[in-house]
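Each ligand, and each atom within it, is numbered from 1 in the order the structure gives.
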Amino acid sequence: MFTIAGPCGIENKELFEQTISFLLSKDVKYIRGGTEKYRSDPLSYQGDIKLLEVVKELKQKYDFKFVTEIFKVDDYVKQFEDIIDVIQVGSRNMMNTSLLKDISSKLPYKKVMFKRHFSSSLYDFVEHSKYLETNEIWYCLRGIQSLFPGEQRFQPDITDISRLREMTHEKIIYDVSHAACRHRFVPTLAKAAKVYGADGIMVEVHSRPSIAESDKMQQLNFNEFSELMEDL
Ligand code: PEP
Ligand code: MN
């Protein structure tokens, strides 16, 4: 089982560089980080797509594969095509068929990590993935809407790994961070993903989770991540 790790959002060069050099020392090849962020609250941190410039600089210095969400395929994004190794389609865009068609026609050779919408059936998830007809798809489960959002906004859909396995031969990634909602629940879920036979896990890691601009409650710090890797 391989690991995709990195911060929820890239806040600045310094913090992202700390995380990259730490993760490379742990043999993580795929590093994630959002530049634009989808947030329910429009007044909260939205990210900044210009941070792709920072990633471009860091890619010249470090050897890693970069996984990031895109919202559209425009000239600006095309300019950074070479530094994005895996395009993330976020859960809220699972049903954005014009984005999916655009990715398929304009970025046909890119791998796409396709995230399940938190209220989608597995059937709809797989059907929508067919819009990405030219791309290699990594199917990513990330937890579903909880019945008790006051306690926990999303809840794990871990058993759906088995069901999805009957529906596709492509890679299945389990996003342990969004499914767990809290960093203390991440390690058990990551081990469960391994038992269920996920091809990979995605885990949010931040050098200082308490100052993260998004998803601070679920990101692992470096010690927690090191322990998890040893346990796995
Ligand atoms: C993310 O991966 O940081 C993210 C926003 O995920 P999702 O689209 O699943 O909410
Ligand atoms: Mn996140």
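Here the side chains of K115 and H178 are in contact, with some heavy-atom distance below 4.5 Å.
The protein residues lying under 4.0 angstrom from ligand 1, judged by non-hydrogen atoms, are C8, R32, K37, Q88, G90, S91, R92, K115, R142, H178, M202, E204.
To the nearest 10 degrees, the Mn ion (ligand 2) sees NE2 of H178 and SG of C8 at an angle of 170°.
Considering I4, T19, L24 as possible partners of I31, the one that fulfils the side-chain contact (heavy atoms from CB on, under 4.5 Å) test is L24.
Shown here are the ring-ring contact (aromatic ring centres under 6.0 Å, His included) partners of F71, two or more places apart in sequence or in another chain: Y38.
Salt-bridge formation is detected for the pair K59/D85: a Lys NZ or Arg NE/NH1/NH2 atom is positioned less than 4.0 Å from an Asp or Glu carboxylate oxygen. Here D215 does not pair with R182 in a salt bridge; the nearest charged N to carboxylate O distance is not below 4.0 Å.
Its N, O or S atom nearest to the Mn ion (ligand 2) is what matters here, and for D215 that atom is OD2. Within E204, the N, O or S atom at minimum distance from the Mn ion (ligand 2) carries the name OE2.
Heavy atoms from other residues, nucleotides or ligands lying under 6.0 Å from CE of M1 number more than 12.
Between H183 and Q219, the side chains place no donor N or O within less than 3.5 Å of an acceptor N or O (distance only, hydrogens not considered).
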